[in-house]
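Quick notes on the structure that follows.
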Amino acid sequence: MPHFTVHIREETLDGTVEAPLIRALTDAVGSVFGAGFARLVGVDLIGVPQHRRGVGGVPSDAHGPHVTLSMREAAYHLAEVPDAPARLVAATTDALAGVLGEGVRGQVIVTIAGVPDGRTGVAGAVA
């Protein structure tokens, strides 16, 4: 199951952006792997108060979200989905800019994490 964890400024989560952001991130995965795959996407939006984010050892005013997409490593190497990691980074960044505005694009950090087979579980069993 593809899973996004988005660390974003708490002040950005104002009750109007959550649903569009969740939809846009889900659609980003669907744009790379197909619409049927999108139904498997999970998204967690985690608010970080402004004074709790820092860069270079000092608090930062940057709004830039830090996004981690994790899913099975094998999905990133499917022959029918060439360049999946690069496409996911681009689609994820486009999704965030589409919802939050183009001004955030240059601050978005996307990490693509691959989980080896046998290292995830659902309902207490390795999946």
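The basis for the numbers below is simple: all heavy atoms, side chains too, and nothing from hydrogens, waters or symmetry mates.
The two residues A24 and A95 come nearest to each other via the heavy atoms O-CB, 3.5 Å. Of all the heavy atoms in L69 and P2, the pair that sits closest is CD1-CB, 4.1 Å. Considering all non-hydrogen atoms of both residues, F4 and V29 come closest at CE1-CG2, 3.5 Å. Listed here is the closest heavy atom pair of V17 and P20: O-CD, 3.3 Å. What you find for T26 and A38 is that their closest heavy atoms are CG2-O, 3.3 Å. Contact between S31 and A91 at its shortest, heavy atoms only, is OG-CB, 3.8 Å.
Inter-residue side-chain proximity for V32 and F37 is flagged as unmet; no heavy-atom pair is nearer than 4.5 Å. No side-chain heavy atom of T120 sits less than 4.5 Å from a side-chain heavy atom of M1. Put simply, the side chain of I112 does not reach to within 4.5 Å of the side chain of M71, judged on heavy atoms. Residues I8 and L21 have side chains in contact (heavy-atom distance under 4.5 Å, counting atoms from C-beta outward). Inter-residue side-chain proximity for S70 and H3 is flagged as met; some heavy-atom pair is nearer than 4.5 Å. Taking 4.5 Å as the limit, every side-chain heavy atom of R52 sits out of range of all side-chain heavy atoms of E10. Residues H7 and T68 are not in side-chain contact: their nearest non-hydrogen atoms beyond the backbone lie 4.5 Å or more apart. In this structure the side chain of P82 reaches within 4.5 angstrom of the side chain of R87, judged on heavy atoms.
Side chain of E18 to main chain of G15: a donor-acceptor pair is present (N/O by atom type, distance under 3.5 Å, no hydrogens or angles).
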Start with the C-alpha gap between V110 and T93, add the side-chain angles, then the distance that decides, and say whether side-chain contact (heavy atoms from CB on, under 4.5 Å) holds. CA-CA 8 Å; V110 179; T93 303; 3.7 Å; yes
Please test L88 against F33 for side-chain contact (heavy atoms from CB on, under 4.5 Å), starting from the C-alpha separation and ending with a verdict. CA-CA 9 Å; L88 287 164; F33 289 103; 3.8 Å; yes
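Atoms CG and OG1, on D27 and T92 in that order, are 11.5 Å from each other to the nearest 0.5 Å. The structure places CZ of R53 at 8.5 Å from CZ of R9, a figure rounded to the nearest 0.5 Å. Considering CG of D94 and CD of E102, their distance stands at 8.0 Å, rounded to 0.5 Å.
Hydrophobic clustering keeps V48 apart from V67 (ILVMFWY residues linked when any side-chain heavy atoms are closer than 4.5 Å, directly or through intermediates). Hydrophobic clustering places V81 together with L40 (ILVMFWY residues linked when any side-chain heavy atoms are closer than 4.5 Å, directly or through intermediates). Clustering ILVMFWY residues whenever any of their side-chain heavy atoms sit less than 4.5 angstrom apart, transitively, puts I109 in a cluster other than the one holding L45. V43 and V115 fall into different hydrophobic clusters, defined by Ile, Leu, Val, Met, Phe, Trp and Tyr side-chain heavy atoms under 4.5 Å apart, directly or through other members.
For CZ of R105, the number of neighbouring non-hydrogen atoms (other residues, nucleotides, ligands) closer than 6.0 Å is greater than 12.
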